[in-house]
Amino acid sequence: MSIKILVAPAGSGKTAHVIDRVQSTMARQQPTLSPVRVIVPDHLKAEAFRRRLAEAGGGIGIQVQTFYDLYADILTLAQNPAAPMPVRLPPAVRRRLIYRLVAQLVDAGQVIYYAPLHAAPGFARLLADLFEELKRARIFPEALAAALADDTGVEPRLIELAQLYAAYQAYLIEAGWADTEGQGWLAAIALEESAALLADLALLVVDGFDEFNPTQLAVLRLLAERAAETTVTLTGDLQRPDRLAHRRLARARTALVEALD
């Protein structure tokens, strides 16, 4: 297992370097074609990476994808006929679900502080954004509830937000659904439970990020432990620590070092 973090300024050849590593790895692995996965921030960067890879000579069996696509792949590979994979919840359906759950809790007298707002346009959307942010930070409903329970001066609005978050997650589990960030949770669990998942990774490349959320770091750590080689690129200039961008680089680099040990 080899793990490298490559730090260099923008335009200095980081992507060209990892493309060279991808091609040399594929040439070395033939004919077994052990998998190579490249993770990029979004689909536009995925398309740009594929184009540059093609211009450099291409490669067979190389997966270029976002973390969200990776989560879906992991869950597909881990699928058990006895335990069907949760269905991904579309954003529009998610907002309607949250709207309905809030209305039910208001009618039951469990939500009082937000009762005047629950039917307001955009309230369900704001809750959806909040739940997404909590999940991105890997804050589980029970952990949030426990943290608030330890605070004797906690405000009612926070208690009700925790109740809404717990009700939302409980409904997803009961219905067999998963939202976008929840798929990341499930992917990490699947990797933890099965050492065979993606155990034949010859090369893992993570290119073009300037920060990582806790779910991404958890999945990255589990994949790096089983990949023969892992390379993560970060954009920044270590010779100019006074720049504002250096702070983000420092945070991302520290998070990676701690996650990847």
**Request:** For residues 182-195, pull every pair meeting side chain to side chain donor-acceptor pair (under 3.5 Å), keeping only residues two or more places apart or in separate chains.
**Result:** none

**Request:** Check the side chains of Thr233 and Asp207 for a donor-acceptor pair under 3.5 angstrom, ignoring hydrogens and angles.
**Result:** yes

**Asked** If every non-hydrogen atom of Ala228 is compared with every non-hydrogen atom of Ala202, which pair is closest and at what distance?
**Response** CB-O, 3.4 Å

**Asked** Going by an N to O cut-off under 4.0 Å, is there a salt bridge joining Glu160 and Arg157?
**Response** no

**Asked** Is a donor on one side and an acceptor on the other found under 3.5 Å between the side chain of Lys14 and the backbone of Pro9?
**Response** yes

**Asked** Side chains of Phe49 and Val18: closer than 4.5 Å at any heavy-atom pair?
**Response** yes

**Prompt:** Of all heavy-atom pairs between Asp200 and Pro35, which one has the smallest distance, and what is that distance?
**Reply:** O-CD, 3.1 Å

**Asked** In terms of hydrophobic clustering (I, L, V, M, F, W, Y; side-chain heavy atoms under 4.5 Å; direct or indirect links), are Leu89 and Leu127 co-clustered?
**Response** yes

**Asked** So do the side chains of Phe212 and Val206 get within less than 4.5 Å of each other, counting heavy atoms only?
**Response** yes

**Residues Arg100 and Tyr171: side-chain donor-acceptor under 3.5 angstrom** = yes

**Asked** Should the pair Tyr71 and Tyr68 be assigned to parallel (<30°), tilted (30 to 60°) or perpendicular (>60°) ring geometry?
**Response** perpendicular

**Request:** For the pair Gln23 (side chain) and Ala56 (backbone), establish whether a donor and an acceptor sit closer than 3.5 Å, ignoring hydrogens and angles.
**Result:** yes

**Message:** Checking side-chain polar atoms at under 3.5 Å, does Thr66 have a donor or acceptor matched by the opposite partner on Asp69?
**Reply:** yes

**Message:** Do Leu101 and Val87 land in one hydrophobic cluster if side-chain heavy atoms of ILVMFWY residues count as linked below 4.5 Å?
**Reply:** yes

**Prompt:** Can you hop from Leu158 to Ile112 via hydrophobic side chains spaced under 4.5 Å?
**Reply:** no

**Request:** Determine whether Met26 and Val36 make a side-chain contact, defined as any pair of heavy atoms from C-beta on separated by less than 4.5 Å.
**Result:** yes

**Request:** For residues Met1 and Ala227, report the shortest heavy-atom separation together with the two atoms involved.
**Result:** CG-O, 3.8 Å

**Message:** If you compare all heavy atoms of Leu234 against all heavy atoms of Ala252, which two are closest, and at what distance to 0.1 Å?
**Reply:** CD2-CB, 4.1 Å

**Prompt:** Can Glu47 and Arg50 be counted as an ion pair, charged N to O under 4.0 angstrom?
**Reply:** yes

**Message:** Keeping Arg136 on the side-chain end and Asn213 on the backbone end, is there a donor-acceptor pair under 3.5 Å?
**Reply:** no

**Message:** Considering only residues two or more places apart or on different chains, which pairs with a residue in residues 249-259 satisfy side chain to side chain donor-acceptor pair (under 3.5 Å)?
**Reply:** none

**Side chains of Asp129 and Glu133 in contact at under 4.5 Å (non-hydrogen atoms)** = no

**Asked** Leu220 versus Leu204: any side-chain heavy-atom pair under 4.5 Å?
**Response** yes

**Request:** Compare every heavy atom of Arg37 with every heavy atom of Leu201, then report the nearest pair and how far apart it is.
**Result:** CD2-CG, 4.0 Å

**Asked** Leu223 versus Thr230: any side-chain heavy-atom pair under 4.5 Å?
**Response** no

**Request:** Kindly give the heavy-atom pair with the smallest separation between Pro86 and Leu186, and that separation in Å.
**Result:** CG-CD1, 3.5 Å

**Item:** Backbone of Leu191 reached by a side-chain donor or acceptor of Arg226 within 3.5 Å
**Value:** yes

